[in-house]
Structures are given as structure tokens and as C-alpha cells.
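Below is one structure, written out as C-alpha cells; the observations come after it.
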Amino acid sequence: MAAEIGTGMVAIAAGLAIGLTGLASGLAERDVGAAAVGAITEDATLFGKTMVLMVLPETIVIFGLVVAILMIFVM
Amino acid sequence: MFGRFGKKKGNYAYTVARVKAKKSHLFKDDAYSKMLLMSLPEISRFISESGYSEEITELTGKFEGIDLIEHATYRNMAGYFKGILDVSTGELHDMLAAVLQRWDVWNLKVILRGKSFGIDPDSVREDLVPAGELALQELEKMIALETVGEVIDAYCKLTETVIPPEIMDAYKTDGVLTDIEDFLDKEYYRRLLESIDPSSKPTRLLQDYIRNEIDVVNLETLLKLKVEGVVGEQAMRFVIPNGKEIDRKTAERIAAAATVEEAMGAMSKLSFYGDIKDALADTGSLTELVSVLKKVHISQARTFSHLHPLSIIPIIDFMIHKEIEVNNIRTVARGLASGLDRDVIKDLLVVV
């Protein structure tokens, strides 16, 4: 019984790790994306640089994913 | 937390990014040195290759020489400002619209001075910047009117402004526009400050910035008047209320001093006193003092824009730099057209 509760808690924690970091990535990308589109509108050559900046907030959710995987498979 | 994400708040990130990209295309200092070595047609070609192509192409058939440059530069600036206003949304759009109303006041002053001194309509058109609430067609209608009184009536109707009868009576008696122009400036700042809702950080920053601008404008006015020998209550009439550091008491102390040196004591507590101290000591040169105050104003915009990148201030900072660029091009063109010495023209340029 206790083990089952423990497994459930780990699943909830993994879900929260993915969900909350996903939300944070979304919020960060909102401003970065808007700014990137604005910059590209003025100067199309900035596409490459803005693409890199767009990807940076993605790392937040990737960290969340790593933590979730660790929780599920290691703990 | 989600307050700033509402549609009402405006698209700060998008607009500021566009403005920053635009700012990177503005002329660098060495461009003016190159222009000083050119003839007027060469300047027209040079600016048409550097962002003014649309206006130069459009106006080439109608104008040439200095007229072409003057029309193209102000039209280009108005286009930039209108473009920024068009892409902004929410409270950012509202604040920008309120800030851009200064061009309505500018245009009205240009038309009034034109009517008052009997300047021909084409020369008046050269100095119009249709970046405010009033479109070019409405300004054209105002130019076509006969008298100063009719122009003021038309403006008041379009912008819902009420000019106190005593100011109009004073104009009718002495025919001097100073009081009307002074009222228009005060009304612009009153409306602008009233339109800002200081509930968020970006709007509070704008409020602070505008109040700092009022300080710089007031100080410039008081010092100019002092050099002309106008002091005390007579000078206080021109002070715009709601400054940040220069309140009524400080303004009265500065206005009461007979000379600029005497006023230095009253100014010593101002945060930008260090920047203007040297220019104040050199009281013989009002041009230098005005130029230093302008630089203080520009550096305030720059500091504010770094303090809060996602606010209206980086946009105002760009607008100031664009205006400087346009004024510098016009100064070079006018200077060369009137045969001024290149070193004299260079001294008249504002380089930041």
C-alpha cells in the first residue's frame, strides 16, 4: 500500500516537474518570441540569432523533463 | 503575475524589438562628417540610400535641393513615428498616442507663426511633421484658413482644446503668439500626465521621465529668460507645472536670481547639476547651455530605457535619436545651402 502511494507521489511530482517548467518556458518564450518576430520584421538577417534566443527558454522544460525522467526511472 | 500579459497592457516586447532594430540603422557620427563634404544633390542621394529612399523618390518630381531634403526628412520621421504607433497595442498605444500629440502642438505653432508672419504656405509645409493625432489633410485645411483666430478655432475643435478667453483677448490686443504657445505647451504636458495611469512600473517610469523632461524644459526657459533679463514673476508665467525636482519654490528661487551665477545656488540640489555646472559657469554661451541641457535630456532617456527595457522609454529614446538625426541632416543641408562655414555647421550638430 505504502509503495503504491509512493509510486503515485513520484508520478505526481514528475507531472508537476514537466507541467510547471513547461508553463515557465511558455511565459518566457512569449516575450522572446514577440521580440524575435519584431526584430526579424525590421531585419531578416537577424533570423539566425533570434532562433538561438528562442531556443534558450526551451532549456527550462528540458531540465523539467530530465528531473521527471530521473524521478520515474531512478527513484 | 498574469496582469502584465493582458491584451490591455500592450505588446512591449514586439514594439521595443522593432524600435531597437530601427535604432541600429540610424546615422552614425561619421555620416555627418561625410555629408559636410557633399553638395545638396549628393546629400539627397546619400540619404536616399540610407533609409529615406521612399520619400526622396516620391518627392523628387515636386521639389529639389534644400526643399526636397526638408520635406523628405520630416515626412520620413512622421512615417516612422506613425508606423511605431500603428504596431503598438493596448496601454502602450494609448501612451504613445499621447506622447505624439506634441507634434500636433508643433504643427499648430508652425502654422500660427506662418500666418502671423505672412510666410508662404509651401515654407510652412516644409516644417510640418504629421506624426500626431491630426492627419496631413487636416493640417492642409488649417493652412488654407485665413487668420490666426480661424486656425486656433479649427485646432480647438479637432483636439477638444479650450483656450482661456483671456489668452485669446491678450493675443487680439497685442498680436503676440507667446501666451498661446505657452498655454499649448502647458496643456500638452497636463494632458499627457493625466493620460498616464501610474498603476504599473512601465507607466510610472513614463510619468517620471515626463516630469524630468518638464524640469529640463523649465530650466532651459528660465535660463534663456534670465539671459534676456526677464526674471521673477514675469519669468514664472512660463514655467510648466508638475516638474519632478523643480517644484514651484525651486523655480521661484531660480527665477528670482538676477544672473545665472546667482541662480546656481538654487540649482545645486538638482540631480543633473553636475552635468550642467561647467556650462552654467560659462554664462556667455547660451547655445552651449542649451546643448548641454539637451544632452542631459537624452542621457535621461537612455538611462530610463536601460532601467526598464520593456517599457515605452526605449521607444521615446529612439524617437529622440530619430529627431536628432533629422535635425542634423537639415542643419547640414541648410548650412551648406546658405554658405555657412563647415566648422560652424559642425558646431551646430547634436552628436550623442
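Naming convention: chains lettered A, B, ... in sequence-line order (proteins, then strands); numbering from 1 in each chain.
Annotation: B/Glu140, atom CD; neighbour count of heavy atoms from other residues, nucleotides and ligands within 6.0 Å is above 12. The 12-atom threshold is exceeded at NZ of B/Lys82, counting heavy atoms of other residues, nucleotides or ligands nearer than 6.0 Å. The environment of NZ in B/Lys346 is sparse: at most 12 heavy-atom neighbours from other residues, nucleotides or ligands sit within 6.0 Å. Within 6.0 Å of the NZ atom in B/Lys62, the count of heavy atoms belonging to other residues, nucleotides or ligands does not exceed 12.
A side chain to side chain contact (heavy atoms under 4.5 Å, CB included) with A/Asp31 holds for exactly one of B/Leu310, B/Asn11, B/Val16; it is B/Leu310.
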Pairs of donor and acceptor atoms involving the side chains of residues 53-75 of chain A, under 3.5 Å and at least two apart or interchain, shall be tabulated with distances.
unit_1	atom_1	unit_2	atom_2	d
A/Thr59	OG1	A/Leu56	O	2.5

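Under the side chain to side chain contact (heavy atoms under 4.5 Å, CB included) criterion, B/Lys34 pairs with B/Asp30, B/Met38, not counting sequence neighbours.
Here the closest heavy-atom approach between residue B/His25 and residue A/Glu42 is recorded as CE1-O, 4.3 Å.
Residue pairs that meet the side-chain hydrogen bond (donor to acceptor under 3.5 Å, both in side chains) test with at least one member in residues 40-51 of chain B, sequence neighbours left out, are B/Ser39-B/Glu42.
Within residues 33-41 of chain A, the residues having any heavy atom closer than 4.5 Å to a heavy atom of chain B are A/Ala34, A/Ala35, A/Val37, A/Gly38, A/Ala39, A/Thr41, listed by residue number.
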